[in-house]
Amino acid sequence: MEYPRITLRRGKEQSLERFHPWVFSGAVAHIPDGIEEGDVVAVESSDKRLIGVGHYQIGSIIVRILRWGDAVIDETFFAERLKAAFSLRRALGLIRPDNNAYRLVHGEGDFLPGLVVDIYGDTAVLQAHSPGMHFMRDTIARCLTEIPEAAIKNVYYKSETTLPYKAHLDPQNDYIIGTFSTNVAMENGLRFNIDWLKGQKTGFFVDQRDNRALLEKYSAGRRVLNMFCYTGGFSVYAMRGGATSVCSVDSSAKAVTLTEANVALNFPDDTRHTAIAQDAFDYLAGMERGAFDLIILDPPAFAKHRSALKNALTGYRRLNAAAFAKIAPGGILFTFSCSQAVSREQFRLAVFSAAAQSGRKVRILHQLTQPADHPVNIYHPEGEYLKGLILYVE
Ligand code: SAH
């Protein structure tokens, strides 16, 4: 297939030859006339060797490679990649009667840069992060419903906030295929209301599944504080794990309502749970020392961009310091960062500083990351974003 060719500057093909799928604008010598955002283009080295084909976009990442070599990007391409993504999730044991919430496509991690697909029962929530994927949305939706074992009936498109606004694509959040059926999904036998219409991201943070399961094991007999609870994922697992009490806190009143609904869905009339709408820093400052034996800190990304890194690290240090100051002796702290711009080492250093400030004896019990349905393409380390530590605080 002859796609318009983007030519690189001399020597700028090296990272692509190591299969890193992004072409940065500074690496480009020539862009052919007439190409538009979202078009499929071919990328060639300065000596005209074809490297791969991908989606063109205006910005610092100018091409996201979809396929190496001289390739065609058509419906078959998407059907095959999506089927492969599904096979991996099945091999991971994520598709079970008691578990139907999972990430089917994690961008570069599934060799589909610019695309995220989360599954909640028979509904797929599709999120495009590039104009190229936006233009392919109908094809992708069709291919999703054609994976028989996935049993996807409805595809909801949700890209109003994920596409570059300068591209003027005017994406409407709406069903592309099917319509609303149920918004109750199962994760490890627990039921959750998923609000993909109004919720953050695709409506639920499936990326904490394994970490929530680990929390369940630590909850028995403990008083649990779930800070930044959002839909109450950690709270519901803590209750099943036998926590003596669970307090969920989020600054958003809507999140508190969602958490209360999810707790009621699994544990109706259980008086162990309370939920509070308050700022995390205010709550921690006002809370009694020793009031909780297990604290979860899962804040939103403090650094959305590299430029915010310094403030983000200060934020992680302050937040963790507040928890170290108050957690009961023998307490367990689950602490996370989902900022891609913050490295594992930087996060650990921020938590280390917070621990040192408290002067308490702190040991690392587990080092956590994102689950296997959020795979990291080894040639694209930027795909790794979730970091967590489980700490024992004496
Ligand atoms: N732990 C959740 C995901 C957390 S998302 C899960 O497992 O699903 C981050 C949450 O932090 C959002 O719900 C947001 O409303 C809340 N939040 C943001 N800033 C906050 C603040 N300063 N204090 C308390 N909550 C905050």
Side-chain angles (χ1 to χ4, degrees), residues 19 21 66 77-127 129 133 140-141 143-156 182-192 194 196 201-218 231 233-234 236-237 240-241 298 334 336 338 340 344 366-388 390:
F19 308 114
L66 297 165
F77 163 80
F78 284 99
E80 283 172 0
R81 289 269 155 111
L82 293 169
K83 259 190 227 145
F86 179 77
S87 299
L88 175 61
R89 275 60 184 180
R90 195 173 42 194
L92 293 171
L94 288 173
I95 296 140
R96 312 187 306 264
D98 70 334
N99 195 88
N100 62 14
Y102 59 94
R103 177 155 293 192
L104 176 61
V105 177
H106 186 58
E108 285 80 358
D110 284 290
F111 312 113
L112 287 166
L115 182 67
V116 164
V117 182
D118 284 340
I119 307 294
Y120 303 115
D122 60 6
T123 300
V125 183
L126 198 161
Q127 210 160 53
H129 293 256
M133 288 300 180
I140 295 165
C143 293
L144 286 170
T145 58
E146 286 169 2
I147 307 170
E149 309 92 311
I152 295 163
K153 292 203 183 70
N154 317 300
V155 181
Y156 185 74
T182 171
N183 64 340
V184 177
M186 297 272 279
E187 186 184 273
N188 289 325
L190 292 165
R191 292 191 296 157
F192 290 97
I194 318 279
W196 48 81
K201 306 272 171 80
T202 67
F204 192 64
F205 286 89
V206 276
D207 59 359
Q208 287 288 23
R209 183 196 320 103
D210 292 354
N211 302 329
R212 290 194 271 252
L214 198 51
L215 171 95
E216 181 176 358
K217 296 192 196 159
Y218 279 101
T231 55
F234 283 104
V236 176
Y237 278 77
R240 190 168 68 179
D298 184 25
F334 277 61
F336 295 97
C338 61
Q340 195 274 331
R344 194 163 284 281
H366 300 262
Q367 310 203 37
L368 308 176
T369 184
Q370 62 216 53
D373 56 343
H374 295 58
V376 181
N377 176 344
I378 202 160
Y379 307 111
H380 178 260
E382 295 91 334
E384 185 181 347
Y385 68 99
L386 186 62
K387 301 155 283 288
I390 304 183

task: Evaluate the criterion side chain to side chain donor-acceptor pair (under 3.5 Å) for residue pair Thr202 and Arg103; output intermediate values, then yes/no.
output: CA-CA 10 Å; Thr202 67; Arg103 177 155 293 192; 5.0 Å; no
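- Heavy-atom minimum distance, Ala101 versus Ala185: CB-CB, 4.2 Å.
- Note that Arg240 lies in the cation-pi zone of Tyr237, set by a 6.0 Å cut-off to the ring centre and a 45° limit from the axis.
- At least one side-chain heavy atom of Val376 sits less than 4.5 Å from a side-chain heavy atom of Gln370.
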Residue pair Gln208, Leu215: steps toward the side chain to side chain contact (heavy atoms under 4.5 Å, CB included) verdict: CA-CA 10 Å; Gln208 287 288 23; Leu215 171 95; over 6 Å; no
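- Counting heavy atoms from C-beta outward, Leu112 and Phe77 have side chains that approach closer than 4.5 Å.
- Side-chain contact check for Met186 versus Asn99: every heavy-atom pair is 4.5 Å or farther apart.
- Contact of the Glu216 side chain with the Val236 side chain is not registered, since no non-hydrogen atoms from C-beta on lie closer than 4.5 Å.
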- prompt: Step by step, would you call Asn188 with Arg96 a side chain to side chain contact (heavy atoms under 4.5 Å, CB included)?
  reply: CA-CA 9 Å; Asn188 289 325; Arg96 312 187 306 264; 3.0 Å; yes
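- Residues Arg209 and Asp373 are in side-chain contact: their nearest non-hydrogen atoms beyond the backbone lie under 4.5 Å apart.
- Heavy atoms only, all atoms of each residue included: Ile152 and Ala124 are closest at CG2-CB, 3.8 Å.
- Residues His366 and Asn211 fail the side-chain proximity criterion, which asks for heavy atoms closer than 4.5 Å.
- Put simply, the side chain of Phe111 does not reach to within 4.5 Å of the side chain of His380, judged on heavy atoms.
- The distance between the ring centers of Phe234 and Phe336 falls below 6.0 angstrom.
- Between Gln340 and Glu382, the shortest heavy-atom contact is NE2-O, 3.0 Å.
- Only one option out of Phe192, Trp196, Tyr120 pairs with Asn183 in a side-chain contact (heavy atoms from CB on, under 4.5 Å); it is Trp196.
- Nearest approach of Val206 to Arg212, heavy atoms of both residues: CA-NH2, 4.1 Å.
- Residue Asp207 comes nearest to Pro371 through the heavy atom pair O-CD, 3.0 Å, listed as atom of the first residue, atom of the second, then distance.
- Taking 4.5 Å as the limit, every side-chain heavy atom of Arg81 sits out of range of all side-chain heavy atoms of Leu115.
- A salt bridge does not link Lys201 with Asp118: every distance from a Lys NZ or Arg NE/NH1/NH2 to an Asp or Glu carboxylate oxygen is 4.0 Å or more.
- Note: Phe334 and Tyr218 have perpendicular aromatic rings, judged against thresholds of 30 and 60 degrees for the angle between ring planes.
- One distance of note links NE2 of His374 with CG of Asp110; it measures 10.0 Å at 0.5 Å rounding.
- To the nearest 0.5 Å, atoms CG (Leu386) and CG (Asp210) are separated by 10.0 Å.
- Lys83 contributes atom NZ, which lies 9.0 Å from atom CD of Glu149 (distance to the nearest 0.5 angstrom).
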query: Given Asn154 and Asp122, is the side chain to side chain contact (heavy atoms under 4.5 Å, CB included) satisfied, shown in steps?
result: CA-CA 6 Å; Asn154 317 300; Asp122 60 6; 3.5 Å; yes
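- Once rounded to the nearest 0.5 Å, the distance linking OG1 of Thr145 with NZ of Lys153 reads 11.0 Å.
- Considering CG of Leu214 and CD1 of Ile390, their distance stands at 4.0 Å, rounded to 0.5 Å.
- Looking at every heavy atom in both residues, Val117 comes nearest to Leu144 through CG1-CD1, 4.1 Å.
- Between Tyr385 and His106, the two ring planes are tilted [angle within 30° to 60°].
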- request: Assess whether side chain to side chain contact (heavy atoms under 4.5 Å, CB included) is satisfied between Met133 and Leu66, documenting all intermediate values.
  value: CA-CA 11 Å; Met133 288 300 180; Leu66 297 165; 3.8 Å; yes
